[in-house]
Amino acid sequence: MEISFAKRVVVAPDTLINVIGEESVLLNLKNEQYYGLDFMGTQMWKTLTGSNSIQLAYDKLLDEYEVGADVLQKDLNDLLQKLLANGLVELQDA
């Protein structure tokens, strides 16, 4: 499922995150499951949750890193699918 980049990503109320160095550990308090993000996943997380829309986060990441536009779009979509499936984030209208 393709996610609309016009949406805004917000941290789900039952999600805790701890950034350790360049990586992150996320905890879903509802299912008591831990999830890990590597350096790039952590950068995507910070940018997505700190932006007013997925599109703005995408634009910022595209400017900051040497990555193809199609690759970044796919990677963001894949990450968001996993975060949503595990109840770690929610989407709202921007």
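Starting from 1, each residue takes its place in the sequence as its number.
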By side-chain hydrogen bond (donor to acceptor under 3.5 Å, both in side chains), Asn28 pairs with (sequence neighbours left out) none
On a heavy-atom basis, the closest approach of Ala94 and Ser53 is CB-CB, 4.0 Å
May I have all residue pairs that pass salt bridge (Lys or Arg N to Asp or Glu O under 4.0 Å) and include part of residues 15-30, sequence neighbours excluded? Asp14-Lys30
Tell me, with the steps shown, if Thr15 and Leu83 meet side chain to side chain contact (heavy atoms under 4.5 Å, CB included). CA-CA 11 Å; Thr15 298; Leu83 294 171; over 6 Å; no
Show which residues join Leu16 in its hydrophobic cluster (side-chain heavy-atom contacts under 4.5 Å, direct or indirect), or state none. Ile20, Val25, Leu27, Leu29, Tyr34
Check for me, please, whether Leu79 and Val10 land in the same ILVMFWY cluster - side-chain distances under 4.5 Å, paths through other members count. no
Would you please name every residue forming a side-chain contact (heavy atoms from CB on, under 4.5 Å) with Asp38, sequence neighbours left out? Met40
Test: side-chain hydrogen bond (donor to acceptor under 3.5 Å, both in side chains). Region: residues 56-68. Which pairs qualify, not counting sequence neighbours? Gln55-Asp59
Among all residues two or more places apart in sequence or in another chain, which pass the side-chain contact (heavy atoms from CB on, under 4.5 Å) test with Asn77? Glu2, Ile3, Gln81
Mind running side chain to side chain contact (heavy atoms under 4.5 Å, CB included) on Leu72 and Met44 for me, showing each step along the way? CA-CA 10 Å; Leu72 179 59; Met44 288 177 164; 3.9 Å; yes
Checking Asn52 now: which residues fulfil side-chain hydrogen bond (donor to acceptor under 3.5 Å, both in side chains) with it, not counting sequence neighbours? none
side-chain contact (heavy atoms from CB on, under 4.5 Å) partners of Ser24, counting only residues at least two apart: Ile17, Val19, Leu26, Leu37, Thr42
Shared hydrophobic cluster, Val67 / Ile54 (ILVMFWY, side-chain heavy atoms < 4.5 Å): yes
Closest heavy-atom contact between Gly87 and Ala12? O-CB, 3.3 Å
So, do Val9 and Leu91 sit near enough that their side-chain heavy atoms are less than 4.5 Å apart? yes
Among all residues two or more places apart in sequence or in another chain, which pass the side-chain hydrogen bond (donor to acceptor under 3.5 Å, both in side chains) test with Lys46? none
Return each pair, listed once, that meets salt bridge (Lys or Arg N to Asp or Glu O under 4.0 Å) where at least one residue sits in residues 67-78; pairs must be two or more places apart or across chains. Lys74-Asp78
Treat each ILVMFWY residue as a node, draw an edge where side-chain heavy atoms are under 4.5 Å apart, and state whether Leu84 and Leu48 are in one component. yes
Do the side chains of Leu62 and Leu76 join up, straight or via other hydrophobic residues, at under 4.5 Å, putting them in one cluster? yes
Mind checking side-chain hydrogen bond (donor to acceptor under 3.5 Å, both in side chains) for Tyr35 and listing every partner two or more places apart, or none if nothing turns up? Asn31, Asn86
Distance (rounded to the nearest 0.5 Å) between Lys82 NZ and Leu88 CG: 12.5 Å
Apply salt bridge (Lys or Arg N to Asp or Glu O under 4.0 Å) to residues Lys7 and Asp93 and explain how you reach the verdict. CA-CA 5 Å; Lys7 297 284 186 179; Asp93 291 331; 2.7 Å; yes
Kindly write out the residues that satisfy side-chain contact (heavy atoms from CB on, under 4.5 Å) with Ala85, not counting sequence neighbours, or none if the list is empty. none
